[in-house]
Amino acid sequence: MIKRVIAASLLMLAATNVGAQIDTTTRSRTLEEVSIQQRKAEGVSRMGGAVNGTEMGQEELFRAACCNLGESFVTNPSVDVNYNDAAVGARQIKLLGLSGQYVQMLLENLPVTLGAAMPYQLGYVPGAWMKSISVSKGASSVKNGSQSITGQINVEYLKPEDDPGLQVNIYGDSRLKGEANVMGNVHLNHHLSTEVLAHYEKDFMHMDEDKDGWQDAPAVEQLHLQNRWKYQKGRYIMHAGIGYLTEKREGGQMEEASTNPYPVLIKANRLDGYMKHAFLLNREHNTNLAFLANGSLYNLDGTFGMKEYGDRQSSLNSQLVLEHDFNDEHNLSTGFSFNADQLDETLTSVAPKLTTEYTPGVFAQYTYKPSYKFTAMAGLRADRSTLYNRTYLTPRLHVKWVAADWVTLRASTGKGYRTPHALAENHYLLTSGRTLAIADLKQEEAWNSGLSMVFYIPLMERTLTVNAEYYYTDFINQAVIDYDSDPTKINIGNLNGSSYSHTVQVDANYDITEDLNLLAAFRYNQVMCTYGGKMMEKPLQSRYKGLLTLSWKPMLALWQVDLTLQINGGGRIPDYIDENNMLVSGKEFPAYPQLNLQVMREFRHFSLYVGGENLTNYRQENPVINAGNPWSPTFDPTLVWGPVHGIMAYAGIRMNL
C-alpha cells in the first residue's frame, strides 16, 4: 500500500520553498554614479532568527573540491565527516560530538527519510548541484518533525527559476576518480520554468596505498538525474521534481592478495520525488497555506564476504502548514503531518524482517518579536507512532537577545525522538568478523540544551567576530553500538544506564585585509555512554578539533587561494582481538593533522581549480585488523578513526555557458 501511494505521489507536481533568513552585512560607498561594494566575507553567514546556525553559500562551497555533501564541511568548524569503516566507504557526519543519525537531514526544507540510505546519503548529494547549506544546532523547529536532536542540515539545490543557462563541472583526481555534472534550466514562459540536473562519477582504479591487500575504499560508480519545475501565477506557487539514482560500490580484498578474496559489493537504486504548493491568502498578514510532500523508493543489495544483505524501503512524508502574522510582533505556524515508512530486510540465515510505521502528527509554533533585539520561538508537536504504539510530545524553545550592538545571545532547549533501524543504518558492521547481535530496539529519545554568544569586536577598522557556545545532550533511550562488553562481538542494544555529550566551541572570523580572511576554531567534545554496565568514553571519537583557514581573494576576484589546517584530537579505541589472537586493551589513537590547499582562477565564462587534500600525508596505520585473513573472526575493518587515504591531488573546471 505504501509503495503504491508513494509511486502515485512521485508523478505529481508542485512546491514552495521557505528560505532561512540570514544575517548579512555589506558596506558600500558611492562615487558619482559608481557603487563599490565590499565582497562578502569568505566565512559562513550566521542565521538571523532565534535558532543558532550558519549558512554556507556557493562561494564558501567552492573553497574546496566539494564533490558531494560529505566533502562540503572542510572549512566548517562545527561539522565533522569521517569514514565509518575501511570496507564500504560509508561516510558519516558528526555534530555536537554525536553521530549523524541525530542530525535531521532536510532537502529544501523537506525531511529526508534516511534509514537504509543513511550510510551513503552524503555521497548522494552532488556538490555542483548545491546552492547553499544551512546548519542549525540543537533541537530545531518542530515544523519539520521530531527527529532533530543535535541539529538540522538543510541543502538548497540550484533553482529552476535561477537565471537560464547551462553549467558544467568536470573533476578528476590522482586516485583516478572522474566526475561530470551538468546543470541547465529554461524559462518556458513568465510562469513556468524547468531544470535538469545530471551527475556521473566513477573510480577507475582500486586503491591499496598501505599495501595490506585490502582496498582502502570501494570503487564507486554513480549516476544521478533530476528534473525540477516551478510554476507561479498570482497567489499560487508550485515547485516539484523527480529524481533517479543508481550506484555500485565494489571493494574488499584485492584479487592478487588471495586465492579466495573477500568480496564487498553494494548496489543501490533510488526513485524519489517532491512537491510543494503554496497559496497566499492574505498579503497584509502574510497568511499562506502550503502543502508539502516527498517520497522515495530505495533498494540496496549487498555482499559482505559470505553474507548477503538486502533492504527495500518505501517512505512518504507530507505536511499541511498554515502561517499567519498577526502583526509585526506575533507569528503563528501550525499544521498537520503524516509520515509512512516501510522497510523490508533480508540477511543470509536470518528470517526476513518487515518494519512498518505510520506517524500522524500535529504541531504549532509561535514566534514573538517585539523588536530586532529580542526573538522568542516556542514550538510543540504531538505525534503518534504505530510501530511503538505510543503518542509522544516534542517541546522546543529558542530565544535570541541582542544585548548590545556588539553581542548577541541565543539559548535553546528541546526534545527529540528517532526510530532506529539497526541493521539498515549500520550494515557496514557485517564486514566485521565479530558476531553481530541486535536487540529489539526502543524509540530513541533525548533532550538537548544550548547557549551561544556572538561578539562583534571592532579591531583595526575591521570587525572581529567571535562565537562561543556550549551544548549538552542527554539521552533517555538510545540505540547503543557496543564494542566493549565482549571483544568478539558487536552488540546493538538499548541504553542501560546513562549517555550524554558536552560540547564547547569557540571560533573567530576576521578580515586581516580586504583580500585576506582568517577563521580559527577550537571544539572540545566529551561523549560518554554506558557499555556493559560501565560508563565509558565513546570509542573512535576525537576529543577535540582545531581548525584554521586562510582565504586570499583579491578585489578583482580573478584568483583565490584557500588553505585549511585541521588538528583532530585523540580518542579511545575499543578492545579487540588482533591477528595473533591476543587481546589489545586500553589503546588510544593520537591527535593527527590534515592540510588542504586549493588555488582557483576565474575567467569570464569558466573557472579552473587545482588542489590537494591531506597534504600532511597522515594515514591511520592498519585500519583493517587482520587484513590478510578476512575470513577470520578477528578480522575487523570497522575500527576506523582517521584518514585511510594519503595525499590526493585534484583539478577541475567549472563552466557557465
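All values derive from a computational prediction rather than experimental measurement.
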> Kindly determine whether Leu69 and Tyr124 satisfy side-chain contact (heavy atoms from CB on, under 4.5 Å), including the steps that lead there.
CA-CA 8 Å; Leu69 181 60; Tyr124 290 169; over 6 Å; no
> Got a sec, which pairs hit salt bridge (Lys or Arg N to Asp or Glu O under 4.0 Å) with one end in residues 526-541, sequence neighbours left out?
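Residue pairs passing salt bridge (Lys or Arg N to Asp or Glu O under 4.0 Å), neighbours aside: Glu537-Arg543.
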> Looking at Tyr471 and Ser412, what are the two nearest heavy atoms and their distance?
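What the structure gives for the nearest pair is CE2-OG, 4.0 Å.
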> Do the ring planes of Trp641 and Phe589 sit parallel (below 30°), tilted (30 to 60°) or perpendicular (above 60°)?
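Ring orientation of Trp641 relative to Phe589: parallel.
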> With Tyr544, which residues qualify under ring-ring contact (aromatic ring centres under 6.0 Å, His included), at least two apart?
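Per chain and number, Tyr544 pairs via ring-ring contact (aromatic ring centres under 6.0 Å, His included) with Phe522.
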> Under a 4.0 Å threshold between the charged nitrogen and the carboxylate oxygen, would Glu108 count as salt-bridged to Lys131?
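Result for this pair is no, no salt bridge flagged.
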> So, taking the atom named OG1 in Thr419 and the one named CG in Leu387, what distance separates them when rounded to the nearest 0.5 Å?
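Thr419 atom OG1 to Leu387 atom CG measures 6.0 Å (nearest 0.5 Å).
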> To the nearest 0.5 Å, tell me how far Leu409 CG sits from Leu451 CG.
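Reported to 0.5 Å precision, the distance equals 6.5 Å.
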> Test: salt bridge (Lys or Arg N to Asp or Glu O under 4.0 Å). Region: residues 465-483. Which pairs qualify, not counting sequence neighbours?
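Salt bridge (Lys or Arg N to Asp or Glu O under 4.0 Å) check on residues 465-483 returns Lys137-Glu469.
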> Carefully, step by step, assess Gln104 and Ser140 under the rule side-chain hydrogen bond (donor to acceptor under 3.5 Å, both in side chains).
CA-CA 9 Å; Gln104 186 180 28; Ser140 302; over 6 Å; no
> Once you round to the nearest 0.5 Å, how far does OG of Ser146 lie from CG of Leu393?
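Spacing of OG (Ser146) from CG (Leu393) equals 10.5 Å.
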> State, to 0.1 Å, how close Val51 and Met47 come at their nearest heavy-atom pair, and which atoms those are.
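Shortest heavy-atom separation between Val51 and Met47 comes out as O-CB, 4.3 Å.
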> Looking only at non-hydrogen atoms, find the nearest pair between Gly70 and Val81 and report the distance.
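Scanning both residues, the minimum pair turns out to be O-CG1, 3.3 Å.
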> In chain order, what residues pass the salt bridge (charged side-chain N to carboxylate O under 4.0 Å, His left out) check against Arg91, with sequence neighbours excluded?
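Per chain and number, Arg91 pairs via salt bridge (charged side-chain N to carboxylate O under 4.0 Å, His left out) with no residue.
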> In sequence, state the C-alpha distance, the side-chain angles, and the governing distance for Asn331 and Glu323, and then conclude on side-chain hydrogen bond (donor to acceptor under 3.5 Å, both in side chains).
CA-CA 7 Å; Asn331 169 272; Glu323 293 198 359; 4.8 Å; no
> How about Asn286: does its CG atom have over 12 heavy atoms from other parts shown lying under 6.0 Å from it?
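Enclosed: over 12 neighbouring heavy atoms sit under 6.0 Å from CG of Asn286.
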> Please list all pairs passing the salt bridge (Lys or Arg N to Asp or Glu O under 4.0 Å) test where one or both residues lie in residues 72-84, with sequence neighbours left out.
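Residue pairs passing salt bridge (Lys or Arg N to Asp or Glu O under 4.0 Å), neighbours aside: Asp80-Arg523, Asp80-Lys545.
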> Measure the spacing between CH2 of Trp406 and OG1 of Thr465 and express it to the nearest 0.5 Å.
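The OG1 atom of Thr465 is 13.5 Å from CH2 of Trp406, to the nearest 0.5 Å.
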> Closest heavy-atom contact between Thr150 and Leu96?
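Nearest heavy atoms, Thr150 then Leu96: O-CD1, 3.3 Å.
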> Show, in sequence, the C-alpha distance, side-chain angles and deciding distance for Lys94 and Ser542, and conclude whether the side-chain contact (heavy atoms from CB on, under 4.5 Å) test is met.
CA-CA 10 Å; Lys94 292 183 179 180; Ser542 292; over 6 Å; no
> Name all residues meeting the salt bridge (charged side-chain N to carboxylate O under 4.0 Å, His left out) criterion together with Arg381; count only those two or more places apart in sequence or in a different chain, and write none if there are none.
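Salt bridge (charged side-chain N to carboxylate O under 4.0 Å, His left out) list for Arg381, sorted by chain: Asp383.
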> Looking at residues at least two apart in the chain, or sitting in another chain, which of them share a ring-ring contact (aromatic ring centres under 6.0 Å, His included) with Phe326?
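Phe326: ring-ring contact (aromatic ring centres under 6.0 Å, His included) contacts with His324.
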> With side-chain contact (heavy atoms from CB on, under 4.5 Å) as the test, would you mind laying out the steps for Phe374 and Val399 before giving the verdict?
CA-CA 8 Å; Phe374 183 82; Val399 176; 3.6 Å; yes
> Once rounded to the nearest 0.5 Å, what's the spacing between atom OG of Ser498 and atom CD1 of Ile476?
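Going from the OG atom of Ser498 to the CD1 atom of Ile476 covers 12.5 Å.
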> Might you work through the side-chain hydrogen bond (donor to acceptor under 3.5 Å, both in side chains) test for Gln505 and Asp507, ending with a clear yes or no?
CA-CA 7 Å; Gln505 178 176 311; Asp507 55 83; 3.0 Å; yes
> Evaluate side-chain hydrogen bond (donor to acceptor under 3.5 Å, both in side chains) for Glu156 paired with Asn154, printing each intermediate quantity in order.
CA-CA 7 Å; Glu156 294 286 340; Asn154 179 53; 3.1 Å; yes
> So which atom in Ser501 and which in Leu98 form the shortest heavy-atom distance, rounded to 0.1 Å?
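That would be OG-CD1, 3.7 Å.
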> Looking only at non-hydrogen atoms, find the nearest pair between Leu300 and Ala116 and report the distance.
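Minimum heavy-atom separation between Leu300 and Ala116: CD1-O, 4.5 Å.
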> Using the test ring-ring contact (aromatic ring centres under 6.0 Å, His included), find all partners of Tyr483 that sit at least two apart in sequence or belong to another chain.
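If we apply the ring-ring contact (aromatic ring centres under 6.0 Å, His included) test to Tyr483, skipping adjacent residues, there are no hits.
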> List in chain and number order the residues that pass salt bridge (charged side-chain N to carboxylate O under 4.0 Å, His left out) with Glu345, two or more places apart in sequence or in another chain; answer none if no residue qualifies.
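So Glu345 forms no salt bridge (charged side-chain N to carboxylate O under 4.0 Å, His left out) with any residue.
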> Could you give the distance from OG (Ser449) to OH (Tyr472), rounded to the nearest 0.5 Å?
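Going from OG on Ser449 over to OH on Tyr472, the span is 9.0 Å.
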> Could you tell me how the ring of His224 sits relative to the ring of Trp129: parallel (under 30°), tilted (30 to 60°) or perpendicular (over 60°)?
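Rings of His224 and Trp129: tilted, as their planes differ by 30° to 60°.
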> With sequence neighbours left out, write down each residue that passes ring-ring contact (aromatic ring centres under 6.0 Å, His included) with Tyr388, or none if nothing qualifies.
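By the ring-ring contact (aromatic ring centres under 6.0 Å, His included) rule, Tyr388 matches no residue at all.
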> Verify side-chain contact (heavy atoms from CB on, under 4.5 Å) between Ile153 and Ile133, making sure each step is shown before the conclusion.
CA-CA 7 Å; Ile153 294 179; Ile133 304 173; 3.8 Å; yes
> Please name all residues satisfying salt bridge (charged side-chain N to carboxylate O under 4.0 Å, His left out) with Arg390, sequence neighbours left out, ordered by chain then number.
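Arg390 satisfies salt bridge (charged side-chain N to carboxylate O under 4.0 Å, His left out) with Glu445 only.
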> Surrounding CH2 of Trp447 (heavy atoms of other residues, nucleotides or ligands, distance under 6.0 Å), is the total greater than 12?
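For Trp447, atom CH2 is crowded (more than 12 foreign heavy atoms under 6.0 Å).
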> In chain order, what residues pass the side chain to side chain contact (heavy atoms under 4.5 Å, CB included) check against Gln526, with sequence neighbours excluded?
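Counting only residues at least two positions away or on another chain, Gln526 forms a side chain to side chain contact (heavy atoms under 4.5 Å, CB included) with Tyr500, His502, Tyr524, Met528.
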